[in-house]
Protein chains: 2
Amino acid sequence: MLSFTEENYLKALVQLTVFEESYTEVGVNKLASTLEVKPATVSDMVRKLKEKLLVNYEKYGKISLTEKGRVAGMMVVRRHRLWETFLYKKLDFTWAEVHELAEDLEHIHSKKLIDRLDQFLEFPEFDPHGDAIPNADGEIIIPFRKTLSEVGKGEKCKVVAVKDNSTDFLQHVDKIGLKIRDDVTVIDRDDFDSLTTIGFNGVQIVVSLKFTDNIFVVCAQCLKAKDCNCHSL
Amino acid sequence: MLSFTEENYLKALVQLTVFEESYTEVGVNKLASTLEVKPATVSDMVRKLKEKLLVNYEKYGKISLTEKGRVAGMMVVRRHRLWETFLYKKLDFTWAEVHELAEDLEHIHSKKLIDRLDQFLEFPEFDPHGDAIPNADGEIIIPFRKTLSEVGKGEKCKVVAVKDNSTDFLQHVDKIGLKIRDDVTVIDRDDFDSLTTIGFNGVQIVVSLKFTDNIFVVCAQCLKAKDCNCHSL
DNA sequence: TTTAATTGTTAGGCTAGTCTAACTTTATTA
DNA sequence: TAATAAAGTTAGACTAGCCTAACAATTAAA
């Protein structure tokens, strides 16, 4: 049985080596800053995780997840995202609130509980932030996405997700958020000069330019994030 | 913010000094055996709880909860029983299963979460075992109850609750349980010789005599646990 | 009322997870 | 390629929560 702390290390490693930029390994310092602990602490802990066959690691080398570690970390992500979905859909929390609560709920271990929750929620594919939910085997399908900042002038796009690990951003959104309607909204790059209004999951939000890297979009017409020629036609 | 462990001490104290036999204080040994730790450990911890003004305590004396401690402990019980109700009603767990899962869930602190859950469940008065759920202020109305073993020969009674802290009993019940109908069933003391069949929350169960202290009942006619004269009329 | 049994306390030690400070290895750059 | 910067490790210390073993206080019984 993994401890609360061990699970957080594995979750952070999944975040850094699977979800983010598709690197497959990461250094001690990077992991330390992600977890908000000192590098010395990570050094110790990584040795422990290696003994448990959860990570690959050699002194002064890079850290990567073993298959066992990847699945264990993915299960934490699965639990996190399913609880977020529950809080959002059933208890009417905002997306700004769900992340923090799910940080605790994700450490409840029962497999039966989480599979029942999945069923209760009717097997959702994405969490409230638009991120894919890993299945019961720890598998996940990550769709291609581009950020709002990559959208060209005049291009119409549809918001499909926001980064769920930026509390700063999410709280900002919650504060100025205003519900307008139940489907997502198409927006225009022309509005982006300082503050801009976009829609996601029925919530009308105003974001400043510095947050445009936190918002994922696809083409409003073909729903693709790459290989889209709609604009040039 | 109280730790997982501190909360368990307070919950055990509520159990021992509020729910059970209405004693108002308890010794170090009793608390230690309830929590399955050594008396030495309790001695230390109780000093810490006293510093935090959660218990009244003098060296070699008895332990009792302060008002602050009572409310804190009651909130743990509230969370426990609301999660049990959620698991039973929404995720179709059996009452044998819910207790263990709620042992973890009860330590999620958010007040907002638990109040929303209460609302989602439509403010239930009793948990799946028939125990009253404390309100958001830590208040609880405990109805009079007698156990099955106190029922006289020929007396008709209605089952209203079972002890939720006897995993042994609950697992026994789950194994041989059989759903028959949706309301509770009236039973007769004559059947109690070795094995007997009673009904609770629509579940038909068979219990051996040694478990009759774990089952709470009221008179089937007047629904009272004491001051009932129905039988003598 | 003195002894024995029960109950509770203290001291010292263990583990997990964290820290700081000093040190070592690897990478970068002049 | 030698000096410097960055990254990583080790040693020693701290806290929470637990333990055992030895001791002290209280209660019960002879």
Side-chain angles (χ1 to χ4, degrees), chain A residues 1-13 16-17 20-21 23-65 69 72-73 76 103-104 106-109, chain B residues 1-13 16-17 20-21 23-65 69 72-73 76 103-104 106-109:
Chain A
M1 182 94 330
L2 298 175
S3 74
F4 191 101
T5 308
E6 287 169 330
E7 288 194 339
N8 278 336
Y9 276 73
L10 296 178
K11 186 183 60 163
L13 283 167
L16 293 169
T17 68
E20 225 156 82
E21 315 284 328
Y23 293 132
T24 57
E25 47 177 39
V26 71
V28 166
N29 272 332
K30 186 70 195 288
L31 182 53
S33 65
T34 299
L35 289 164
E36 297 182 306
V37 297
K38 301 293 166 187
T41 310
V42 170
S43 257
D44 262 5
M45 192 63 178
V46 164
R47 204 181 326 115
K48 212 173 109 187
L49 293 174
K50 184 192 157 85
E51 270 162 36
K52 292 196 177 186
L53 307 178
L54 294 161
V55 301
N56 305 117
Y57 180 65
E58 296 304 330
K59 234 188 197 180
Y60 293 104
K62 295 289 182 186
I63 309 155
S64 65
L65 287 164
V76 182
E103 287 291 297
D104 291 327
E106 74 190 13
H107 297 290
I108 310 281
H109 283 105
Chain B
M1 181 96 327
L2 298 174
S3 72
F4 191 102
T5 307
E6 287 168 331
E7 288 194 338
N8 279 336
Y9 275 73
L10 296 177
K11 186 182 62 164
L13 283 167
L16 293 170
T17 68
E20 223 156 83
E21 317 283 328
Y23 294 132
T24 57
E25 47 177 40
V26 72
V28 166
N29 271 331
K30 186 69 195 286
L31 182 53
S33 65
T34 300
L35 289 164
E36 296 181 307
V37 297
K38 300 295 165 185
T41 309
V42 170
S43 256
D44 262 7
M45 192 62 177
V46 164
R47 204 181 326 114
K48 212 174 108 186
L49 293 174
K50 184 192 157 85
E51 270 161 36
K52 292 197 177 185
L53 306 178
L54 294 162
V55 301
N56 306 115
Y57 180 65
E58 295 306 328
K59 233 189 197 178
Y60 294 103
K62 294 290 182 184
I63 308 155
S64 65
L65 286 165
V76 183
E103 286 293 297
D104 292 327
E106 74 190 12
H107 299 289
I108 309 282
H109 284 106

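Chain letters run A, B, ... following the sequence lines, proteins first and then strands; every chain starts at 1. This structure is a prediction, so every number in the text was calculated from the model and none was measured.
Of all nucleotides listed (D:dG8, C:dG8, D:dC19), C:dG8 comes nearest to the side chain of B:K62. Of all nucleotides listed (C:dT9, D:dG8, D:dT10), D:dG8 comes nearest to the side chain of A:Y60. The A:A40 side chain lies nearest to D:dA11 when the options are D:dC18, D:dA21, D:dA11. Among the nucleotides D:dC18, C:dG8, C:dA11, the one closest to any side-chain atom of B:V37 is D:dC18.
In this structure, B:T5 reaches the sugar-phosphate backbone alone: every heavy-atom distance under 4.0 Å involves primed, P, OP1 or OP2 atoms, never a base.
D:dG8 atom C1' lies 14 Å from atom CD of A:E58, rounded to whole Å. Distance, A:D44 CG to C:dT18 C1': 9 Å, rounded to whole Å. The separation between A:K38 atom NZ and C:dA16 atom P is 23 Å, rounded to whole Å. Put simply, CE on B:M1 is 16 Å from P on D:dA16, counting in whole angstrom units. In this entry the distance linking CG of B:N8 with P of D:dA16 reads 17 Å, nearest Å. A:M45 places its CE atom 16 Å from the P atom of D:dT10, with the value rounded to the nearest Å. The CZ-P distance, from B:F4 to C:dA16, rounds to 18 Å in whole Å. Rounded to whole Å, atom P of D:dA16 lies 10 Å from atom CD of B:E51.
Checking the phosphate oxygens (OP1, OP2) of D:dT10, a side-chain nitrogen or oxygen of A:K59 falls inside 4.0 Å. Not one side-chain nitrogen or oxygen of B:R47 sits closer than 4.0 Å to the OP1 or OP2 atom of C:dT9. In this structure, B:S43 does not reach the C:dG8 phosphate: none of its side-chain N or O atoms is under 4.0 Å from OP1 or OP2.
A salt bridge is defined here as a Lys NZ or Arg NE, NH1 or NH2 lying under 4.0 Å from an Asp or Glu carboxylate O, and A:E103 with A:K11 meets this definition.
Contact detail for B:Y57 and B:K62: the closest heavy-atom pair is CD1-O, 3.7 Å. Taking each heavy atom of A:P39 and A:V28 in turn, the nearest pair found is O-CG1, 3.6 Å. Shortest non-hydrogen contact noted between B:G73 and B:L10 is CA-CB, 3.9 Å.
In this model, no donor atom of one side chain and acceptor atom of the other lie less than 3.5 Å apart for A:D104 and B:H109.
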